[in-house]
Structures are given as C-alpha cells and as structure tokens.
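Written below as structure tokens is the structure these notes are about.
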Amino acid sequence: MKIRQVLLKTFGVAAAILTIGSFSATQVKATTAGRTKVVFWNEMTGPAQIQLNKFVKEFNQSQTKYQVVSQFEGSYNEAVQKILNTHGTDASPAVFQSMDVSTSQIYHSGYTTPVQKFIDQDHYDISKISSVARAFYSQNGQLLSMPFNTSQPVLYYNATLLKKYHITPPPTDPSYSDITRVATQLYQRSHKQVKGLSIEIYGWFFEQFLANAGESMANQADGHDGTPTKVNFTSSGAIKTMKWIQENIKSGALMNFGSGSSASANEMAAFLSGKLGMFLQSSASLSQLTVGDKDKLGVTYYPHPDGQKANGVAIGGASLWISNDKSSTVQHGSWEFIKFLMKAKNQAQWQVATGYLALNKDSQQEKTLQKLYQKVPAAKVPGEQLRKTEPNKTNSGVFLQGLIQERTLTQTAMDQIYNGSNIKTSLQEAEKAMNSYLKSNNLANGVK
C-alpha cells in the first residue's frame, strides 16, 4: 500500500494533507537543478489545499524554468503579519495569498509589484477575468493583485422545505419584502417549528447591504479616490436594513445565531436539519450544503432594499500578490504561475473542487463546470450574480486600512440592534468610534 493511503487509513485526511505538502517539498529539492525557485505562501486548508497542491505540481511539470514551492502559512491574519515581518529577507515569499480585508494594508506597505506591470508587459487579456473581482483589487487604474479564491455573499433556501409548506420560493434577485414573505410564511405554516431566516452578525454582510443599496460606507468613494477620513454607518440604506432585520426578529421569523465561527456552524446545522429555511452566507459554502443533503438547495442573489434596483455586492476571499524584494526573474516566475492558475480549465476545476467562483469567463464552457451545473443547478447562481454586476465605486469593496476594526464595531452595533437597541444610536456609536480610529491612524501615517 502506498504511504499516502496508509496515512489516510491511519490518521485521516488532515494528516495526509500535511504529509502531501512535506512530500512535495522533498520532491522539489530533488528536481530544482537549473530552475528558478518561486516560494508561494498560501492559507488554504482542506479540499482547497489539496487542489492547490495539484496545481503547483501541474505547473512545475508543465515547464522547466521555474519550480514553485508551496508553503502553508496558517490563517489569513497570521500570514499577513509574516509577510510584513519577513519582507526584504531570504525568508519572504515570492508570491503570496492575502485576504480581501488586508488589500489596503498590503498596498500601502510598498512591498509588492502590481500585477498590472506584468499584464502590460505580457499584453495579457485581462478582460477574460471578472471585472467585479478586478475592481476590488485595483487602485488608480492599476490591478494590484490577481483575484483568486473569490466568493460572493448569497442567500440559500431549502427548496424542499418550501415545497412542503406550499410556499413560492423567493425570486432570483429578491427585495427585502420578498424574503420577509417567505420567512413569515414558513414560520407560520410550520406552526413556529421552523425559523424562516437567519442573518449572521457579520461586518462583511453589513458592508454588502450598503453596497447593494448603492451607498458608500467610507468617504473618498469608499477609498477608491483617496484615503478615507470618515465612515458613514447611519446612511438610509443601513437604517432600512437594520429595521428590516429587527422587524423579522420581533415577528419571530428570524433566528439570531450571533456572531463568529460557532454562529456559522450552528446556522449551517439548523439549515441542514430542516429547522431553518433561509440564511445569508458566502457562495464558498455551497459545496458543504450539497454533500449528502437530501433536500433540494435554492440560491438567490443578495437581497436589496425595496423600491430600488440592486447595485450589486463586492467579493470576498483573497488574491495573489507578487513581492518586490525578489529578482526580476523570480517575479516573472511568480507571474507565470499566476497566469497558470487563471487559465479557464484551472479556474473551472477550482470552482468544482472548492466552491470558490471561476473568474475566467471562458471557464463556463469547460465540461467539468457544466457537469457541476447539471448536478447542482443552484451552483450557477453565485457566478451569475458576479457576472451580472457592473462594477462601480460602491460595490468594489472598501479600500480602507482598518477594515478589521470596522467589522468589530459594526458587529457590536448589529448585536445591540438584534437584541432590541435603538438602531440609529447603536450605529452612531460605532461610527463615532471608527472615525476616531481613522483620525488617529491617519495622523500616524501622515494623512490629514
């Protein structure tokens, strides 16, 4: 029996994944003669790590000039600190993965070479890559990093459960009222045994509510026109959304699972057990919801306020950056690896294996993705939402240093509101605290 099979049988998948990584490093040492070494830092685990290891192996076998060495660096937050602390040393990576909320931080560090440089040199057809995803990682007309493991927030619903209670499913592009109707009917027709809706207390969702309402959360066009000096958590869109949520909580149709990883896990468990009809979550959760679930899954776009057209939502996930402390040869090797990952075939395989969205438009014609859509029609919806959205400065993310702080504050406000506090007062307190943080942070960085 092969060593990998023994490990799987004896220690399980987790041990095998770690060992696969160590074997790859050993094999690399034996085959790097005459090749330029390209160290790649990532934060992927589970199926995503397995698929990423496959891509690295395929890239190394596809040419003889570069040898990519993939290294797992822990969580997103851990990796960001390692990237900033090792820059300029032999320990730093040539190409690295970094989460969406660290985009402004990495950009302002000055430690990277924008991928736009290589796009221009190579005459690379960037139009093939999702415009919404590109807009998120762009500044001053330049693409800073290549979007990679990308997700969008969507609404999931149990189509089997709705059919059981004779409830018309929400439309693909629902308003708040559309969701309230379904949630209320499910709660009432199940004799209050099934909660209609759940919206996790999550700062990312708060940002997306504003984006879909076409409102900026920070001045300077959400940071796309300059460094933000103020935030606005009390816009009409924010107030409307929090009122909508509070009304559904008061009616009993909305279940509050709180915030954090335990909230997500409990919400998922309630949905899969038929105790919850709808919930908001990342499109990357789709694979978890379809493995072994007997119920038919439904997916819609992110809900928008009544009386207006959806503006579209931003992406989540992470992107690939090229370090500027490496030689031009190593940087070029990093770019070649990024191009390989963005090929239509590979992006299609990435979505099938991980649940992250295929960003190359040509991926939709790949057989592997077509098979997924045939098996799970709902898997089409997140990508359709992404392709339908026209990028603008309110749905392309918030280019702001301190997004982690913003999410902490908005989540505190959401928690208060969910528990019955005054909506405007709670949001004003969070806004005041964030503006104070921005003022101090900007002064420290020489921004007035």
Side-chain angles (χ1 to χ4, degrees), residues 3-4 7-8 13-83 85-87 89-99 102 106 111-113 115 118 145-150 284 317-323 325-327 329-343 345-347 349-356 359:
I3 293 174
R4 180 172 178 267
L7 285 163
L8 279 168
V13 175
I17 292 170
L18 292 173
T19 308
I20 290 167
S22 62
F23 282 170
S24 297
T26 303
Q27 292 166 352
V28 164
K29 290 179 182 178
T31 58
T32 54
R35 293 192 181 206
T36 296
K37 181 179 178 182
V38 177
V39 176
F40 168 44
W41 283 7
N42 71 84
E43 299 84 55
M44 295 286 89
T45 59
Q49 178 69 287
I50 293 172
Q51 184 58 56
L52 201 54
N53 284 338
K54 289 180 181 178
F55 283 149
V56 169
K57 182 179 179 180
E58 290 169 5
F59 174 75
N60 288 338
Q61 292 176 341
S62 72
Q63 44 74 52
T64 59
K65 189 171 183 180
Y66 307 104
Q67 191 77 25
V68 171
V69 179
S70 180
Q71 297 177 357
F72 174 73
E73 294 299 325
S75 69
Y76 283 133
N77 287 324
E78 290 170 339
V80 168
Q81 294 309 309
K82 290 179 183 178
I83 289 160
N85 292 336
T86 61
H87 184 78
T89 72
D90 291 340
S92 70
V95 56
F96 61 87
Q97 181 188 33
S98 187
M99 60 180 173
S102 64
I106 296 296
Y111 290 170
T112 63
T113 301
V115 295
F118 304 97
S145 57
M146 184 65 77
F148 179 53
N149 54 303
T150 297
S319 63
L320 302 175
W321 299 74
I322 296 176
S323 299
D325 63 345
K326 301 300 181 231
S327 69
T329 301
V330 173
Q331 289 189 46
H332 189 75
S334 300
W335 169 241
E336 289 298 316
F337 177 56
I338 288 174
K339 285 197 299 181
F340 177 82
L341 293 175
M342 301 311 293
K343 286 185 176 181
K345 180 180 179 182
N346 291 337
Q347 282 290 294
Q349 182 56 41
W350 183 240
Q351 179 169 339
V352 171
T354 68
Y356 289 113
L359 296 180

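Atoms considered below: every heavy atom in the structure, side chains included; atoms not considered: hydrogens, waters and symmetry mates.
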Side chains of Leu52 and Phe148, heavy atoms from C-beta outward: is any pair under 4.5 Å? yes
How about Met146 and Ile322: do any of their side-chain heavy atoms sit closer than 4.5 Å? no
If a pair satisfies salt bridge (charged side-chain N to carboxylate O under 4.0 Å, His left out) and one of its residues is in residues 58-68, list it, with sequence neighbours excluded. none
Can you tell me how far the CE atom of Met99 sits from the CG atom of Asn149, to the nearest 0.5 Å? 12.0 Å
Value for CZ (Phe59) from NZ (Lys339), rounded to nearest 0.5 Å, stands at 9.0 Å
Would you say the side chain of Thr36 lies within less than 4.5 Å of the side chain of Tyr66, judging by non-hydrogen atoms? yes
Distance in Å, Ser70 OG paired with Lys54 NZ, rounded so as to fall on 0.5 Å steps: 14.5 Å
Crowding at NZ, Lys345 (>12 non-hydrogen neighbours, <6.0 Å): no
Using every non-hydrogen atom in the two residues, find where Phe96 and Ile106 come nearest and quote the distance to one decimal. CZ-CG2, 4.0 Å
Looking only at heavy atoms, what is the nearest atom pair of Asn346 and Phe340, with distance? ND2-O, 2.7 Å
Side chains of Trp321 and Ser323: donor-acceptor distance under 3.5 Å anywhere? no
Please find the pair of heavy atoms, one from Thr113 and one from Gln331, that lie closest to each other, and give the distance. OG1-OE1, 2.8 Å
Residues forming a salt bridge (charged side-chain N to carboxylate O under 4.0 Å, His left out) with Lys326, sequence neighbours excluded: none
Ring geometry between Trp335 and Phe118 (parallel below 30°, tilted from 30 to 60°, perpendicular above 60°): parallel
With side-chain contact (heavy atoms from CB on, under 4.5 Å) as the criterion, how do Ile338 and Val95 come out once you've worked through the C-alpha distance, each side chain's angles and the decisive distance to 0.1 Å? CA-CA 9 Å; Ile338 288 174; Val95 56; 4.0 Å; yes
Should we say atom NZ of Lys82 is surrounded by more than 12 heavy atoms from elsewhere, each under 6.0 Å from it? yes
Check whether Gln97 reaches the backbone of Glu43 with its side chain - one donor and one acceptor, N or O, closer than 3.5 Å. yes
Any non-hydrogen side-chain atom of Trp41 less than 4.5 Å from a side-chain atom of Thr86? yes
Tell me every residue that passes side-chain hydrogen bond (donor to acceptor under 3.5 Å, both in side chains) with Trp350, counting only those two or more places apart in sequence or in another chain. none
Of all heavy-atom pairs linking Gly317 and Tyr76, the shortest is C-OH, 4.4 Å
Find out whether Ile83 and His87 are in side-chain contact, i.e. whether some heavy atom of one side chain is under 4.5 Å from a heavy atom of the other. no
On a heavy-atom basis, the closest approach of Gln347 and Leu341 is NE2-O, 3.1 Å
Atom pair CG/CD of Asn42 and Glu73 - distance to nearest 0.5 Å: 8.0 Å
Quick check: Phe40 with Phe337 (ring centres under 6.0 Å apart)? yes
Is the shortest side-chain heavy-atom distance between Tyr356 and Met44 below 4.5 Å? yes
Would a 4.5 Å heavy-atom cut-off, applied to side chains only, mark Gln63 and Arg35 as touching? yes
In terms of heavy-atom contacts, Ser98 and Val80 come closest through OG-CG2, 3.7 Å
